[in-house]
Visitor: 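If you scroll down you'll find the structure; I have some questions about it.
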Amino acid sequence: MNKYSYLPNTEADRKAMLDVLGVDSVEALFADIPDTARFKRELNLPKRLSEMELNRYFNQLAGKNDNLEDNLNFLGAGAYQHYVPSVVDAIISRSEFFTAYTPYQPEISQGVLQAIFEYQTIVCELTGMDVSNASLYDGPTAFGEAAFMACAATRRNKVLVARSVNPEYREVLKTYGYGQNIEVEEVGVENGLVDLNDLAAKLDDTIAGVFVQYPNFFGGIEDLRKLADIAHNQKALFVVSVNPVAMGLLESPGACGADIVVGEGQALGNAISFGGPYLGMLATTKEQMRRIPGRVVGQTTDIDGRRAFVLTLQAREQHIRREKATSNICSNQALNALAATVYVSYMGKQGMQDVAKLNLQKAHYAYKRLTALPNVQGLFTSPFFNEFAIKLDADISYVNRQLLESGIVGGYDLGSTYPEFENCMLLAVTELRTKEDIDLLVERLEAIL
C-alpha cells in the first residue's frame with residue numbers, strides 16, 4: 001500500500017498530470033517553498049489501515065455508543081423518535097434526489113423543484129398558512145428568522161418569547177436578535193403554559209412579535225386564539241413554533257390567528273441521527289409573503305403552456321437583488337424536506353391523524369401510570385400532547401443512569417434549564433412505545449425510587 005492509498009488517482013494518472021506541468025515529481029511542485037519552512041518529518045498520525053481494518057475500527061467505535069434500537073427511548077425535548085416507513089429512504093436515496101444540489105438552474109431542475117413545491121404545499125396544509133418557503137436549516141434558526149420578519153413588518157425591534165418555549169430555541173433567538181439589535185424579553189410560565197398576566201404586563205406598542213410553542217416545551221397545549229388576540233391588540237405579530245406531528249390532531253395555528261408558523265420538521269420521516277441534519281419549517285400569511293427568508297418555489301407555465309416550476313421571491317444575499325435580501329440564509333434542507341414530503345404523502349390525512357392519536361393516548365397512559373407511583377407527581381395539570389413533566393423524590397441524573405442500566409433512555413432533566421423545576425423530568429412517548437415498554441418504565445422507576 002503506497003502513501004496515496006486513499007486517493008483515487010493511479011500512478012499513470014499522476015505521471016500524466018506531472019508531464020503536463022513539466023515536472024518529474026510531486027515534490028518539485030513545492031520548490032518555491034524555502035527549505036527552512038518545510039516540515040521535514042512524518043506527521044504524527046496513526047498508521048494507515050486497509051478497508052477491512054478501517055471498517056472494523058469504526059464498528060468498534062460505534063459499539064461504544066448506546067443507541068435507540070437497543071434501548072427504549074422516552075427522551076424528546078425537541079428531537080423525537082418516530083417510525084420512519086421504509087418508503088422514505090427508498091425514495092430519497094434515489095440518485096436524482098440524493099446527489100442533487102441547490103437548483104441554481106431551475107429550468108433543468110424541474111424534478112427537485114416539484115418535490116420542494118409539494119413540500120411547501122404540505123407545510124401550508126399542516127399549519128393552516130398561506131405560503132411556505134423551501135425549508136430552513138432547522139427549527140431554532142427558523143424561530144430566529146421569524147423575529148427578523150416580525151421586526152421588519154412592524155418596524156419595531158423588541159419581541160416577547162414565552163419561557164414555555166424550548167430553551168435552545170430561546171437561546172438561538174437571542175443570538176439572532178443580538179446581531180440585528182433586536183431586544184428579546186421572556187414571559188413567565190403558569191401551570192406549564194404562558195402566564196397571561198405577565199404577557200399582558202410586558203406587551204405594549206413597542207413589541208414586534210409574541211413567540212410561543214405549540215405544544216410547548218413541557219408538552220402543554222397553549223390557547224392560541226387567546227394569545228393571538230392579546231398580541232394583535234397591540235399590533236404585534238403572533239409567531240408559533242409547532243410540532244408537525246401534533247398538527248394531525250390539534251387545530252392549526254393558522255386557524256387560530258398565527259401570522260408566522262415555524263417548526264422542526266425532523267419528526268416527519270427524519271431520524272434523530274445524533275441531532276442532525278434536520279429541517280426548519282416556516283410558513284406565513286399572504287401579507288408577510290415578501291418578507292419570507294430563503295427560497296420559495298412557485299408554479300407557472302412555460303411558453304408551450306406546460307406546467308413548470310420556478311424559484312421565486314429571490315431577494316437573497318447571493319442573487320442580483322442581494323441589497324434587498326430579507327435574510328442571510330443561504331440554503332434549504334432539500335433532502336430532509338423531501339423525506340418529510342414522502343412521509344406525509346405516504347401517511348395521508350388519516351395516517352397523520354392516527355399517529356397523532358397514538359402519541360396522545362400512549363403519553364396519557366404513561367402519565368396515569370407514573371403519577372400513581374408514591375414518589376412521583378405530575379408537575380402541571382394543563383392539557384398535553386405526547387410530552388409531560390413529572391416531579392420525583394430523587395436526583396434526575398441518578399435516575400437516568402439507573403434507567404440506562406436497564407436499557408431505558410429516561411427523560412430530560414428540567415432542572416438543567418429551569419432551576420425552579422429541580423428533580424423534574426420531561427418524558428416523551430411516541431407511537432413506537434408499546435404498553436409493555438411503558439409498563440417496564442413504570443416498574444423500573446418504582447424500583448429506583
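No experiment lies behind these values; they were computed from the predicted model shown.
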Visitor: Atom CD of residue position E168 - does it have more than 12 heavy atoms of other residues, nucleotides or ligands inside 6.0 Å?
Guide: no

Visitor: Please report the closest heavy-atom contact between N216 and G192, naming both atoms and the distance.
Guide: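 Closest pair (atom of N216, atom of G192, distance): ND2-O, 2.7 Å.
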
Visitor: Say whether, by atom type as modelled, one donor and one acceptor occur between the side chain of N332 and the main chain of Y137 under 3.5 angstrom.
Guide: no

Visitor: Hey, does L392 have a side-chain heavy atom less than 4.5 Å from the side chain of V399?
Guide: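 Answer yes - side chains close enough.
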
Visitor: Would you check if the side chain of K362 reaches a backbone N or O of R433 as a donor-acceptor pair within less than 3.5 Å?
Guide: yes

Visitor: Under 3.5 Å, side chain of D13 to main-chain N/O of T10, donor-acceptor pair present?
Guide: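 Side chain of D13 to backbone of T10: a pair is present.
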
Visitor: Write down the atom of Q377, the atom of T371, and the distance for their closest heavy-atom approach.
Guide: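 In this case the closest contact between Q377 and T371 is C-CG2, 4.1 Å.
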
Visitor: Quick check: does any side chain N or O of N400 sit under 3.5 Å from a backbone N or O of V409, one acting as donor and the other as acceptor?
Guide: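 Looks like no, no N/O pair under 3.5 Å.
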
Visitor: Has the side chain of D19 got a donor or acceptor atom that lies under 3.5 Å from a matching backbone atom of M17?
Guide: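 Checked: no pair found.
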
Visitor: Could I get the full list of salt bridge (charged side-chain N to carboxylate O under 4.0 Å, His left out) partners for R163, not counting sequence neighbours?
Guide: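 R163 satisfies salt bridge (charged side-chain N to carboxylate O under 4.0 Å, His left out) with E186, E420 only.
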
Visitor: Kindly write out the residues that satisfy side-chain contact (heavy atoms from CB on, under 4.5 Å) with N55, not counting sequence neighbours, or none if the list is empty.
Guide: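 With sequence neighbours excluded, N55 shows a side-chain contact (heavy atoms from CB on, under 4.5 Å) to E51, given in chain and number order.
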
Visitor: Would you say the side-chain atoms of R14 pair up with the backbone N or O of N9, donor to acceptor, closer than 3.5 Å?
Guide: yes

Visitor: Go through the steps to decide whether L445 and L449 satisfy the test side-chain contact (heavy atoms from CB on, under 4.5 Å), and finish with yes or no.
Guide: CA-CA 6 Å; L445 200 56; L449 298 176; 4.0 Å; yes

Visitor: Per the salt bridge (charged side-chain N to carboxylate O under 4.0 Å, His left out) rule, what does the pair list look like for residues 78-103, sequence neighbours excluded?
Guide: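 Those involving residues 78-103 are R94-E96.
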
Visitor: Just by modelled atom types, is the Y278 backbone N or O under 3.5 Å from a matching donor or acceptor in the Q333 side chain?
Guide: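 Confirmed, Q333 side chain pairs with Y278 backbone.
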
Visitor: Can any side-chain N or O of N65 pair as donor or acceptor with the backbone N or O of N67 at less than 3.5 Å?
Guide: no

Visitor: What heavy-atom pair brings Q266 and G78 nearest, and what distance separates the two atoms?
Guide: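 Answer, listing the atom of Q266 first, then G78: OE1-O, 4.4 Å.
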
Visitor: Let me have the donor-acceptor pairs involving side chains of residues 115-126, under 3.5 Å, with sequence neighbours excluded, atom names and distances please.
Guide:
from : atom 1 : to   : atom 2 : distance (Å)
Q120 : OE1    : V297 : N      : 2.8
Q120 : NE2    : V297 : O      : 2.8
T121 : OG1    : F117 : O      : 2.9

Visitor: Under 4.0 Å between a Lys/Arg side-chain N and an Asp/Glu carboxylate O for D35 and K40?
Guide: yes

Visitor: Which residue pairs satisfy the ring pair (Phe, Tyr, Trp, His ring centres under 6.0 Å) criterion with at least one member in residues 28-76, sequence neighbours excluded?
Guide: none

Visitor: Just one of V245, N386, V355, D354 clears the side chain to side chain contact (heavy atoms under 4.5 Å, CB included) bar with E431, so which one?
Guide: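 Only one option passes, and that is V355.
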
Visitor: Does the pair L440 and L72 meet the rule for a side-chain contact (heavy atoms from CB on, under 4.5 Å), with working shown?
Guide: CA-CA 10 Å; L440 180 61; L72 301 178; 3.8 Å; yes

Visitor: Hey, is the main chain of A28 close enough, under 3.5 Å, to the side chain of S25 for a donor-acceptor pair?
Guide: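 A pair under 3.5 Å: yes.
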
Visitor: Measure the shortest side-chain to side-chain distance between V239 and V212 over non-hydrogen atoms and say whether it is less than 4.5 angstrom.
Guide: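 No, every pair of side-chain atoms sits at 4.5 Å or beyond.
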
Visitor: Going by the rule ring pair (Phe, Tyr, Trp, His ring centres under 6.0 Å), which residues pair with F97 if we only count those two or more places apart in sequence or in a different chain?
Guide: none

Visitor: Quick one: closest heavy-atom pair of L75 and Y412, and the distance?
Guide: CD1-N, 3.5 Å

Visitor: Just checking Y343 against Y83, ring centres under 6.0 Å apart?
Guide: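 No - the distance between ring centres of Y343 and Y83 does not fall below the 6.0 Å cut-off.
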
Visitor: Excluding sequence neighbours, so at least two apart, what forms salt bridge (charged side-chain N to carboxylate O under 4.0 Å, His left out) with D413?
Guide: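 Scan of D413 (salt bridge (charged side-chain N to carboxylate O under 4.0 Å, His left out), adjacent residues dropped) gives none.
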
Visitor: At their closest point, which heavy atom of A162 faces which heavy atom of V194, and how far apart are they?
Guide: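 Closest heavy-atom pair between A162 and V194: CB-CG2, 3.6 Å.
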
Visitor: Among residues at least two apart in sequence or on other chains, which ones pass ring pair (Phe, Tyr, Trp, His ring centres under 6.0 Å) with Y418?
Guide: F218, F421

Visitor: If I compare all heavy atoms of N71 with all of I408, which pair ends up nearest, and what's the gap?
Guide: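 Looking at all heavy atoms of both residues, the shortest contact is OD1-N, 4.2 Å.
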
Visitor: Using salt bridge (charged side-chain N to carboxylate O under 4.0 Å, His left out) as the criterion, list what pairs up with E422, not counting sequence neighbours.
Guide: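 With sequence neighbours excluded, E422 shows a salt bridge (charged side-chain N to carboxylate O under 4.0 Å, His left out) to no residue whatsoever.
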
Visitor: Tell me, please, which residues at least two apart from F388 pass ring pair (Phe, Tyr, Trp, His ring centres under 6.0 Å).
Guide: Y367, F384

Visitor: With E171, which residues qualify under salt bridge (charged side-chain N to carboxylate O under 4.0 Å, His left out), at least two apart?
Guide: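 For E171, the residues satisfying salt bridge (charged side-chain N to carboxylate O under 4.0 Å, His left out) (neighbours in sequence not counted) are K174.
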
Visitor: If only atom types and distance count, is the side chain of N423 paired as donor or acceptor with the main-chain N or O of D393 below 3.5 Å?
Guide: no

Visitor: Answer yes when E53 and R56 have at least one side-chain N-carboxylate O distance shorter than 4.0 Å, and no when they do not.
Guide: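 Answer for the salt bridge query: no.
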
Visitor: Residues two or more places apart in sequence or in another chain: which of them pass ring pair (Phe, Tyr, Trp, His ring centres under 6.0 Å) with Y169?
Guide: F143

